[in-house]
Amino acid sequence: MEQVFAVFGDPISHSLSPVIHNAAISALGLSARYHAFKVRRENLENALSGAQAMGFGGVNLTIPLKEAALKFVEPDPIAGQIGAVNTVDFKNGMRGYNTDGIGAKKAVESAGISIKDKTVLLLGAGGASRAISFQFALAGARLLIVNRTEEKAQSLAQDVSVIGKAQWFGLTELEKHITEADILINSTSVGMYPDTNNTLVKKEMMHSNLVVFDIVYTPLHTRLLKEAEASGARIITGEKMLIYQGAEAFRIWTGISEPFDVMNKALLTALGEKQ
Ligand code: ATR
């Protein structure tokens with residue numbers, strides 16, 4: 001019988017997760033299919049129980065369900081600390097994981113960049129930033145967290161300090177701290193379609209030894225990454241995080257490694273990018 005995997009969220013129609021997973025499933029020759037379902041927050045518990053009862057192979061969660069899921073699943077320690085779940089596995093009850101930060105870590109590492117002992121300046125303190133900061137701290141990075149709303153940067157830095165090194169700053173101190181950074185990660189929505197001309201950092205503030213990773217992938221070459229290239233910095237585009245977080249979820253569910261190149265090709269086609 002065909003194994004069913006799914007992503008739940010609301011809105012969900014633009015999710016690219018079915019595109020990348022179904023491309024990988026076909027390439028692997030598996031009898032499986034990955035579907036997107038619109039699930040409202042108040043229906044999450046029923047939807048998860050239904051998926052479990054119907055023998056789904058696994059479920060991903062996206063906006064607005066990641067935090068709400070903590071009430072219904074047993075989170076692994078890191079998902080519990082992050083405070084959000086994007087992957088639910090039904091093998092032993094209903095276990096919750098968060099693969100977003102692992103996806104970001106693999107995106108950086110796959111560019112041949114090691115994270116241990118690096119100074120990572122993280123722009124943002126929202127949901128994605130929390131997942132990224134915990135995984136990068138675990139991997140031995142020193143984090144500088146910068147956010148428009150300073151209290152959120154402070155609170156995230158305090159939480160991350162339990163497992164690693166983290167300091168926080170307001171946006172006004174951004175320029176000063178970029179000089180110390182080896183890796184700059186934008187985990188805010190700034191620069192995302194339709195506001196594609198926006199960036200929190202311009203080329204004058206960057207240096208040529210910097211690696212700049214933008215988790216925004218609409219467009220792939222954000223204004224931030226264009227500024228980074230103009231300053232001589234190395235860039236990493238955001239679609240890699242989407243692919244690697246998905247592949248990590250599939251590995252948790254099945255133990256199978258999905259092929260990156262197949263997923264990347266399908267994703268770039270869906271995004272209308274030239275390959
Ligand atoms: P996600 O789950 O994608 O991380 P989120 O939790 O809503 O989304 O977080 C969005 C992040 O982008 C936050 O860090 C937000 O800053 P605030 O905490 O100050 O709201 C940041 N962000 C969004 N728009 C921004 C803007 N115009 N300038 C600076 N930061 C912005």
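The residues of the chain are indexed from 1 along the displayed sequence. Start at 1 and go down the list; that is how both ligands and their atoms are numbered. All values reported here derive from a predicted model rather than from experimental measurement. Values below: every heavy atom of this structure, side chains too, minus hydrogens, waters and symmetry copies.
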*Using the salt bridge (Lys or Arg N to Asp or Glu O under 4.0 Å) rule, take E204 and K202 through it: C-alpha gap first, then chi angles, then the decisive distance, then the call.*
CA-CA 6 Å; E204 299 76 30; K202 296 249 177 80; over 6 Å; no
For [atom], which candidate among [options] holds the nearest heavy atom?
atom	options	value
atom 5 (P) of ligand 1	S189, G126, S187	G126
atom 30 (N) of ligand 1	R148, M192, E67	R148
atom 15 (C) of ligand 1	N147, V190, T199	N147

Ligand 1 N/O within reach of [X] N/O, cut-off under 3.5 Å:
X	value
G124	no
G127	yes
S129	no
A125	yes

*side-chain hydrogen bond (donor to acceptor under 3.5 Å, both in side chains) evaluation trace for D214 with T222*: CA-CA 8 Å; D214 199 338; T222 58; 2.7 Å; yes
*Residue A128 vicinity, atoms of ligand 1 by number, heavy atom under 4.0 Å*: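 Close to A128: 1 (P), 2 (O), 4 (O).
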_Gap between atom OG1 of T254 and atom CD of Q3 - 0.5 Å precision_ =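 Those atoms lie 9.0 Å apart.
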*Return yes if a side-chain donor-acceptor contact under 3.5 Å exists between K176 and T179, otherwise no.*
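T179 and K176 do not have a side-chain donor-acceptor pair below 3.5 Å.
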